[in-house]
**Student:** 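Quick one: this structure, given as structure tokens, is what I'll be asking you about.
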Amino acid sequence: GRELFYRNGEKIMAASLTFEGTGDDRTVRAGRPVELFSGRYYQEPHRSYDVAADGRFLMIKDEEAATASSVVVVLNWLAQRD
């Protein structure tokens, strides 16, 4: 893809990637990271999130932090952050 997603504590971060050159001389550069969202999500030893090819996220909320009795689904969140 064109973005790198990773966790930094309770934050989910993203950095855009650019590719330069070809073959063995190809390099990858990461842009400045931006915070997408944060919260108490399930921690290690397993990855608690996944990213679909279209950029949608699936997160596993920490049971101790999940006090709400409803689920909130946000569609097109990437378009809404501009």
Side-chain angles (χ1 to χ4, degrees):
R2 299 279 180 207
E3 282 186 287
L4 174 67
F5 299 98
Y6 64 96
R7 288 186 73 154
N8 182 7
E10 292 186 348
K11 299 176 184 176
I12 297 294
M13 308 293 289
S16 61
L17 300 176
T18 56
F19 301 89
E20 300 171 355
T22 59
D24 292 341
D25 294 329
R26 190 170 187 189
T27 59
V28 178
R29 297 195 191 283
R32 184 181 193 106
V34 295
E35 179 183 333
L36 298 178
F37 46 89
S38 65
R40 292 187 55 193
Y41 295 97
Y42 187 73
Q43 298 283 335
E44 300 298 329
H46 305 288
R47 189 171 68 181
S48 62
Y49 68 94
D50 202 358
V51 183
D54 65 359
R56 291 181 295 157
F57 267 80
L58 172 65
M59 299 289 298
I60 300 173
K61 191 84 166 172
D62 186 334
E63 287 183 30
E64 293 177 11
T67 57
S69 61
S70 62
V71 174
V72 177
V73 177
V74 180
L75 300 175
N76 300 319
W77 66 269
L78 192 58
Q80 293 176 10
R81 69 177 196 171
D82 291 333

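Hydrogens, waters and symmetry mates play no part in the numbers below; they use all other heavy atoms, side chains included. Model, not experiment: these values are computed from the prediction. For this chain, numbers begin at 1 and follow the sequence in order.
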**Student:** Measuring from M13:CE to R7:CZ, what's the distance to the nearest 0.5 Å?
**Tutor:**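 The CZ atom of R7 is 12.5 Å from CE of M13, to the nearest 0.5 Å.
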**Student:** Starting at CG of L36, measure out to NZ of K11 and round the result to the nearest 0.5 Å.
**Tutor:** 12.0 Å
**Student:** Please report the shortest heavy-atom distance between P33 and A15, naming the atom on each side.
**Tutor:** CA-CB, 4.2 Å
**Student:** Between L4 and V51, is there shared hydrophobic-cluster membership here, with clusters defined by ILVMFWY side-chain heavy atoms closer than 4.5 Å?
**Tutor:**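 Per the 4.5 Å side-chain linkage, L4 and V51 are not co-clustered.
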**Student:** Tell me the closest heavy-atom pair linking L17 and V28, and the distance in Å.
**Tutor:**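 Closest pair (atom of L17, atom of V28, distance): CD2-CG1, 4.1 Å.
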**Student:** To the nearest 0.5 Å, tell me how far I12 CD1 sits from E35 CD.
**Tutor:** 9.5 Å
